[in-house]
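Since the model is a prediction, treat every value here as computed from it, not as a measurement. Numbers for residues simply follow the sequence, beginning at 1.
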Amino acid sequence: MQDLALSAYQSLRAGAQVLEADQHGDKVLRLADGNFLKLFRRKRLISSAAIYPYAQRFADNAEALQRLRVPCPQIIGVYRIADISRDAVHYHPLPGLTLRQLIGADDEPGDLRERLGALIAELHGQGVYFRSLHLGNVVQTPEGALGLIDISDMKVQRRALSRTQRKRNFSHMLRYADDRQWLMRDQRVIDAYLTHCERALRAQDILDSAYL
């Protein structure tokens, strides 16, 4: 993590478009050159973020996904901006459209559910637990591959996910009404997941009864 002076941050931020903000300030910026800067505020004086900042987690998770050949943002730098009490990750965004942008469109790919199920099976088999896994954080690239964005809330473990972890991850995806409606329209997502899963599982092993 590199210390970034206030003057250097202000120069980097010049001409940026604010994509996301809250009452505490900017959260995501599209910079003048098209790259992104994601800012993280430490919410508590004593927290895990003090030891392992979220900006660094984002960068480390991008490196892990690259090793697994899963498309994701490309990291430029990780900064600590002491003058504004923020950490930041600077990256090339993953090009493409999120699944939320694709679903229901006239040109929605017919095999999108199958490819999503296969991707989730791959992630779970490789020990990737992405708590913020939802249709707004899965991107179809111009080449037609599926990748991940907003990856600070992700952990990679050495072993494949347990049944409990898999079920919890699917539950996170079902929290959003529009996502849930699309995912539950038929069994294609779960059928593809089970087909590509590295271990023998049944649908009821990983999904709530409401999904079935």
Side-chain angles (χ1 to χ4, degrees), residues 38 40 43 47-49 51-52 54 56-73 94 96-104 108-141 144-212:
K38 186 174 176 68
F40 297 89
K43 298 178 181 179
S47 72
S48 60
I51 301 171
Y52 189 18
Y54 281 102
Q56 189 62 57
R57 298 182 201 189
F58 189 110
D60 291 347
N61 288 337
E63 182 180 349
L65 290 175
Q66 288 167 17
R67 289 197 299 267
L68 298 175
R69 300 182 183 276
V70 177
C72 64
L94 181 64
L97 296 174
T98 69
L99 267 57
R100 280 188 185 156
Q101 293 171 314
L102 285 171
I103 61 175
E108 177 185 326
D111 64 345
L112 192 57
R113 288 179 177 82
E114 288 85 354
R115 289 190 290 123
L116 176 61
L119 172 65
I120 299 171
E122 177 187 358
L123 294 172
H124 289 180
Q126 296 285 354
V128 176
Y129 183 74
F130 185 22
R131 191 176 185 279
S132 296
L133 181 63
H134 56 66
L135 301 188
N137 281 341
V138 182
V139 167
Q140 178 176 270
T141 70
L146 295 185
L148 303 178
I149 60 173
D150 201 10
I151 52 175
S152 55
D153 193 10
M154 192 184 90
K155 295 181 180 179
V156 183
Q157 60 189 43
R158 294 184 179 180
R159 297 182 179 180
L161 299 193
S162 67
R163 286 182 175 86
T164 299
Q165 289 173 312
R166 294 168 193 249
K167 184 173 182 177
R168 189 182 303 124
N169 211 191
F170 271 99
S171 296
H172 291 152
M173 294 187 69
L174 297 175
R175 289 180 299 174
Y176 303 93
D178 291 342
D179 290 5
R180 182 184 180 90
Q181 182 179 7
W182 185 81
L183 290 163
M184 293 183 65
R185 188 173 301 167
D186 54 43
Q187 284 285 112
R188 281 185 286 168
V189 173
I190 187 58
D191 287 346
Y193 178 89
L194 295 173
T195 297
H196 291 87
C197 195
E198 85 294 347
R199 59 192 293 188
L201 291 173
R202 302 170 300 167
Q204 55 263 43
D205 290 330
I206 53 173
L207 295 175
D208 292 326
S209 58
Y211 187 93
L212 301 171

Checklist entry - Do the side chain of R115 and the main chain of G144 share a donor and acceptor less than 3.5 angstrom apart? => result yes
Checklist entry - Once you round to the nearest 0.5 Å, how far does CG of L119 lie from CG of L123? => result 4.5 Å
Checklist entry - Around atom CZ of R69, are there more than 12 heavy atoms of other residues, nucleotides or ligands at under 6.0 Å? => result no
Checklist entry - With side chains defined as the heavy atoms from C-beta onward, is the minimum distance between E122 and V70 less than 4.5 Å? => result yes
Checklist outcome for this item: Closest non-hydrogen contact found for G110 with R188 is O-NH1, 3.1 Å
Checklist entry - Can you find a heavy atom in the side chain of R67 that is under 4.5 Å from one in the side chain of E63? => result yes
Checklist entry - Checking R57 side chain against Y52 main chain: does a donor-acceptor pair fall under 3.5 Å? => result yes
Checklist entry - In Å and rounded to the nearest 0.5 Å, what is the OG1 to CG distance from T98 to L148? => result 12.5 Å
Checklist outcome for this item: To the nearest 0.5 Å, atom CZ of R159 lies from atom CD of Q165 at 11.0 Å
Next on the checklist: Does D178 have more than 12 heavy atoms from other residues, nucleotides or ligands lying within 6.0 Å of its CG?
Outcome noted: no
Item to check | NE2 on H134 to NE2 on H172, rounded to 0.5 Å | outcome: 11.0 Å
Item to check | Close side-chain approach of M184 and L174, heavy atoms under 4.5 Å | outcome: yes
Item to check | Nearest atoms (heavy-atom pairs only) where G125 meets A160 | outcome: O-CB, 3.5 Å
Checklist entry - Where does the angle between the aromatic ring planes of F40 and Y54 fall among parallel (under 30°), tilted (30 to 60°) and perpendicular (over 60°)? => result parallel
Checklist outcome for this item: Taking every heavy atom of I151 against every heavy atom of P73, the minimum-distance pair comes out as CD1-CD, 4.4 Å
Checklist entry - What heavy-atom pair brings A62 and C72 nearest, and what distance separates the two atoms? => result O-SG, 3.5 Å
Next on the checklist: So H196 and H124, do their side chains get closer than 4.5 Å, heavy atoms only?
Outcome noted: no
Checklist entry - L65 and V156: side chain to side chain contact (heavy atoms under 4.5 Å, CB included), yes or no, with the steps? => result CA-CA 9 Å; L65 290 175; V156 183; 6.0 Å; no
Checklist outcome for this item: Result for side chain to side chain contact (heavy atoms under 4.5 Å, CB included) between Q140 and one of L146, L97, L116 points to L146
Next on the checklist: On the six-membered ring of W182, is R100 placed so that its NZ or CZ lies under 6.0 angstrom from the centre and within 45° of the ring axis?
Outcome noted: no
Checklist entry - What residue among D150, D153, N137 forms side-chain hydrogen bond (donor to acceptor under 3.5 Å, both in side chains) with S132? => result D153
Checklist entry - Which heavy-atom pair separates A121 from C197 by the least distance, and what is that distance? => result CB-N, 4.0 Å
Next on the checklist: Tell me whether Q66 at atom CD has more than 12 heavy atoms from other residues, nucleotides or ligands lying less than 6.0 Å away.
Outcome noted: yes
Item to check | Rounded distance [0.5 Å steps], OH in Y193 versus CG in L201 | outcome: 6.0 Å
Item to check | Any N169 side-chain heavy atom under 4.5 Å of R166 side chain | outcome: no
Checklist outcome for this item: Rounded to the nearest 0.5 Å, the CD1 atom of I103 sits from the CZ atom of R113 at a distance of 8.0 Å
Checklist entry - Among V138, L99, V189, L135, which residue meets the side chain to side chain contact (heavy atoms under 4.5 Å, CB included) test with L112? => result L99
Checklist entry - Heavy-atom distance under 4.5 Å between the side chains of N61 and F130, does that happen here? => result no
